[in-house]
Amino acid sequence: DAGVTQSPTHLIKTRGQQVTLRCSPKSGHDTVSWYQQALGQGPQFIFQYYEEEERQRGNFPDRFSGHQFPNYSSELNVNALLLGDSALYLCASSLGGGGLYDVRTDTQYFGPGTRLTVL
Amino acid sequence: QKEVEQNSGPLSVPEGAIASLNCTYSDRGSQSFFWYRQYSGKSPELIMFIYSNGDKEDGRFTAQLNKASQYVSLLIRDSQPSDSATYLCAVKGPPLNTGNQFYFGTGTSLTVIP
């Protein structure tokens, strides 16, 4: 059973550039959430995709955008990179469509992350 | 702004002792609460979830929830060196939100000393 995969593992960019990160969810999962984790901090929610639509968005600027494909894989795009965008970017997959107190939809499986360094 | 607060530590306990990790949250509408473990250089993994007030036990782990006090804790009994990691408290946003948005604390670093 394939777990959550992310690519690339590491990435170095310069300020002003654009970057695309990729995520494939765990087999059977249809929901992908993206998080940014700065050093020494907890993950910060960027947005969530379900049925190819952005369903929920955290407090991140429009420079952060995403996409979900019919096979449920997802991309995170960041434009006009800033030094402060340097972080570990985590993708988490889960089952969507659940309600309150739904263990299946509440259980998120994280990928190994992409370490982005902006110089 | 929904906040989840944790003592960043570091927390050190001897092997075999009980480690107690605490978390408070600001949004009274929060319904679901989670503890993740994150080893250095790795991604978070879910170890416990709790929905109702009271205690929930799973092996050496016990999660405790007090919604009136907006307080969640994690107890690790018989702590082992392999428990040394950062423990993240996460709260699922209130049910009025669409989708599942989770708010994480900054994590508590735990070191179990052999």
Side-chain angles (χ1 to χ4, degrees), chain A residues 3-6 9-10 23 26 29-51 53-60 66 68 87-115, chain B residues 1-10 21 23-25 27 29-53 56 58 63 65 67 85-109:
Chain A
V4 182
T5 60
Q6 291 187 244
T9 305
H10 296 88
C23 171
K26 181 179 169 63
H29 284 183
D30 56 8
T31 300
V32 172
S33 301
W34 285 93
Y35 292 85
Q36 179 194 68
Q37 187 174 24
L39 198 62
Q41 301 297 313
Q44 296 295 309
F45 177 81
I46 302 174
F47 41 54
Q48 183 183 77
Y49 277 85
Y50 172 64
E51 295 186 338
E53 291 190 357
E54 183 184 291
R55 188 164 68 167
Q56 187 89 345
R57 188 178 182 91
N59 189 25
F60 277 81
Q68 185 177 37
L88 179 68
Y89 287 84
L90 295 162
C91 163
S93 81
S94 58
L95 280 170
L100 203 55
Y101 309 130
D102 189 332
V103 174
R104 297 177 313 136
T105 59
D106 285 346
T107 302
Q108 296 186 100
Y109 293 84
F110 282 87
T114 294
R115 174 72 62 186
Chain B
Q1 178 71 22
K2 299 173 177 60
E3 294 184 353
V4 179
E5 302 283 346
Q6 294 182 255
N7 186 331
S8 61
L21 306 163
C23 171
T24 59
Y25 59 95
D27 192 334
S30 301
Q31 299 289 328
S32 307
F33 308 88
F34 308 85
W35 284 99
Y36 286 80
R37 177 176 61 199
Q38 187 172 26
Y39 291 113
S40 180
K42 302 295 185 182
S43 56
E45 58 177 325
L46 180 66
I47 54 173
M48 289 284 292
F49 64 90
I50 185 166
Y51 294 141
S52 304
N53 277 331
K56 179 182 178 184
D58 184 1
L65 173 61
K67 290 186 179 180
T86 295
Y87 289 80
L88 298 162
C89 174
V91 174
K92 181 178 174 181
L96 289 177
N97 286 350
T98 59
N100 295 340
Q101 182 166 350
F102 293 81
Y103 302 89
F104 283 80
T106 56
T108 297
S109 175

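Throughout, a chain's letter reflects where its sequence line sits, starting with A, and its residues are numbered from 1.
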Taking all atoms of both residues into account, what is the closest heavy-atom pair of A:Q68 and A:E51, and its distance?
OE1-N, 3.3 Å
Which bit of A:R115 is near chain B, if near means a heavy-atom gap under 4.5 Å: side chain, backbone, both or neither?
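Neither part; nothing is under 4.5 Å.
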Need one label for A:P112: side chain, backbone, both or neither, based on atoms under 4.5 Å from any heavy atom in chain B.
backbone
Report the C-alpha separation of A:V4 and A:C91 in whole Å, then their side-chain angles, then the decisive distance to 0.1 Å, and conclude whether the side-chain contact (heavy atoms from CB on, under 4.5 Å) test is met.
CA-CA 8 Å; A:V4 182; A:C91 163; 4.0 Å; yes
For B:Y51, is the NZ or CZ atom of B:K92 found under 6.0 angstrom from the centre of its six-membered ring and inside 45 degrees of the ring axis?
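Ring-cation test returns no.
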Does the pair A:Y35 and A:I46 meet the rule for a side-chain contact (heavy atoms from CB on, under 4.5 Å), with working shown?
CA-CA 5 Å; A:Y35 292 85; A:I46 302 174; 5.5 Å; no
Side chain, backbone, both or neither: which part of B:E45 has a heavy atom under 4.5 Å from chain A?
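Contact with chain A: none, neither part.
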